[in-house]
Asks: 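Shown below is the structure under consideration.
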Amino acid sequence: MQPVFSHPWEISFKEAAELQRKLRQRLVYEEYTGQINLIAGADISYARKTNTNYAGALVFSYPGLELVEEVGVARECHFPYVPGFLSFREGPPLLEVLSRLRHEPDILVFDGQGIAHPRRLGIAAHLGVILDKPAIGCAKTRLCGKYDPPPDEVGAWSPLTHQGETVGAVLRTKKGTKPVFISTGHRITLNQALQVVSACCRGYRLPEVVRRAHLFVNRLRIEKDPILK
DNA sequence: GCGACAG
DNA sequence: ATCTTGTCGC
């Protein structure tokens, strides 16, 4: 899986915001009509006091969720974390691991927002457009927008709205825990995203693809980071 | 000016 | 995100 186009990553915040507003126009909010045989989850782990980050991408069969492939890589990061610009920090390493995948997933799930972003280009939307691949954003907390807490029942959800439009959904994936924030990234509808994420839950708050990716990069960091070994 | 603020 | 032990609650 390779990008269909590229752009510079080491730019100013002003230029980054302009780029986000421009790329936002390439987003496709249509229903995904293809088959879903493989689904991937990607995430990153950071080594404290260092600029080293560990990115990972895992591919699973769908809907069985059997692990098919996993790729991890350690890289140096220079772009700081600033709310609203996460993709400029995590985008490059994630594209790196995704490009090294031998199996091409049909859908991508990222640990962060899709269009539930101030300029509608959260990391899932940004990378989805660059790869022109269906993508879903699954964040643990809110970046923008307002919502009413969904009932405490698995599957319950409520719309996440921002500036008068529905940008995502707040989904209860596990009873008695905080809900997750689901939003469209690219080439998929919110209802489909909710269906797919729900189908990936196995009793934990986070859907398996994201949870496993999270565990993988964390494990990768602990075994490769000398300061903790 | 003040508060909010993915990972 | 990361650093951390025990502890409260379903």
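In this text, all values refer to a predicted model and were calculated from it rather than measured experimentally.
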Asks: Verify the contact: side-chain N or O of A:S45 to OP1 or OP2 of C:dT2, cut-off strictly under 4.0 Å; return yes or no.
Replies: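 Answer is yes, contact under 4.0 Å.
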
Asks: Whole angstroms only, please: what is the CD-P distance between A:Q113 and B:dC5?
Replies: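 Value for this atom pair: 11 Å.
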
Asks: Can you measure from NE2 (A:H78) to CG (A:N51) and round to the nearest 0.5 angstrom?
Replies: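 Going from NE2 on A:H78 over to CG on A:N51, the span is 6.0 Å.
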
Asks: Heavy atoms from C-beta onward define the side chain here; which of C:dT2, B:dC5, B:dG7 lies closest to that of A:P83?
Replies: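 Of C:dT2, B:dC5, B:dG7, B:dC5 is nearest to the side chain of A:P83.
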
Asks: Relative to A:F5, does A:R26 satisfy both conditions: NZ or CZ under 6.0 angstrom from the six-membered ring centre, and within 45 degrees of the ring's axis?
Replies: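 That pair qualifies as a cation-pi contact.
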
Asks: Does OH belonging to A:Y204 count more than 12 external heavy atoms closer than 6.0 Å?
Replies: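 Check fails, neighbour count at 12 or below.
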
Asks: Answer with base, sugar-phosphate or nothing: what part of the nucleic acid does A:F85 contact at a heavy-atom distance below 4.0 Å?
Replies: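 Counting heavy atoms under 4.0 Å across all strands, the contact made by A:F85 includes a base.
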
Asks: Across the strands shown, which category fits A:I123 at heavy-atom distances under 4.0 angstrom: base, sugar-phosphate, nothing?
Replies: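 It contacts base atoms.
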
Asks: Hey, would you say the A:F13 and A:F79 ring centroids sit under 6.0 Å apart?
Replies: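 Ring centroids of A:F13 and A:F79 are less than 6.0 Å from each other.
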
Asks: With a 4.0 Å cut-off on heavy atoms, is A:Y81 in touch with a base, just the backbone sugar-phosphate, or nothing at all?
Replies: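 Result for A:Y81 = base.
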
Asks: Can you figure out which of B:dG7, B:dA6, C:dC3 approaches the side chain of A:H117 most closely?
Replies: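 Selected nucleotide: B:dA6.
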
Asks: Between A:K175 and A:H214, who's closer to the 5' end of DNA chain C by nearest nucleotide?
Replies: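 Between the two, 5'-proximity favours A:H214.
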
Asks: Which listed nucleotide (B:dC5, C:dT2, B:dG7) is nearest to the side chain of A:E90?
Replies: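 It is B:dG7.
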
Asks: Side chain of A:R48, heavy atoms from C-beta onward: which of C:dC3, B:dG7, B:dC5 has the nearest atom to it?
Replies: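 In terms of side-chain proximity for A:R48, the closest of C:dC3, B:dG7, B:dC5 is C:dC3.
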
Asks: Can a side-chain donor-acceptor contact be found between A:E15 and A:S12 if the only test is distance below 3.5 angstrom?
Replies: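 Judged by distance alone, the side chains do pair up.
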
Asks: Over how many whole Å does the gap from A:I115 atom CD1 to B:dA6 atom C1' extend?
Replies: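 Value for this atom pair: 15 Å.
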
Asks: Find the distance A:D43:CG to C:dT2:C1' and express it as a whole number of Å.
Replies: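 Rounded to the whole Å, the gap is 13 Å.
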
Asks: A:N51 CG to C:dA1 C1': how many Å, rounded?
Replies: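 These atoms are roughly 13 Å apart.
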
Asks: Rounded off to whole Å, could you give me the CG-to-C1' distance for the A:L160 and B:dA4 pair?
Replies: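 Result: 14 Å.
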
Asks: At less than 4.0 Å, is any side-chain N or O atom of A:T141 found next to OP1 or OP2 of B:dG7? Yes or no.
Replies: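 For A:T141, the contact criterion (side-chain N or O under 4.0 Å from OP1 or OP2 of B:dG7) is met.
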
Asks: Out of A:R212, A:R211, A:K140, which one pairs with A:D111 under the salt bridge (charged side-chain N to carboxylate O under 4.0 Å, His left out) rule?
Replies: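 Among the candidates, only A:K140 passes.
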
Asks: Check every strand shown and say whether A:G137 touches a base, only sugar-phosphate, or nothing at a heavy-atom separation below 4.0 Å.
Replies: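 If one applies the 4.0 Å heavy-atom cut-off, A:G137 turns out to touch nothing in the nucleic acid.
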
Asks: Rounded to the nearest angstrom, tell me the gap between atom CZ in A:R142 and atom P in B:dG3.
Replies: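 These atoms are roughly 16 Å apart.
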
Asks: Rounded to whole angstrom units, what separation is found between the CZ atom of A:R205 and the P atom of C:dC10?
Replies: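 These atoms are roughly 18 Å apart.
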
Asks: Kindly say if A:K174 contacts the phosphate of C:dC10, meaning a side-chain N or O under 4.0 Å from OP1 or OP2.
Replies: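 For C:dC10, neither OP1 nor OP2 has a side-chain N or O of A:K174 closer than 4.0 Å.
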
Asks: In whole Å, I'd like the distance from the CG atom of A:L86 to the P atom of B:dA4.
Replies: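 In whole Å, B:dA4 P lies 21 Å from A:L86 CG.
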
Asks: Side chain of A:R221 only, heavy atoms from C-beta on: which candidate in B:dA4, B:dG7, C:dC3 is closest?
Replies: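 Of the options given, the side chain of A:R221 lies nearest C:dC3.
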
Asks: Once you apply a heavy-atom cut-off of 4.0 Å, does A:N218 come out as touching a base, just sugar-phosphate, or nothing?
Replies: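 It contacts sugar-phosphate atoms only.
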
Asks: Within the 4.0 Å heavy-atom criterion, would you say A:G176 contacts the bases, only the backbone, or no part of the nucleic acid?
Replies: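 Answer is nothing: A:G176 stays at 4.0 Å or more from every strand.
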
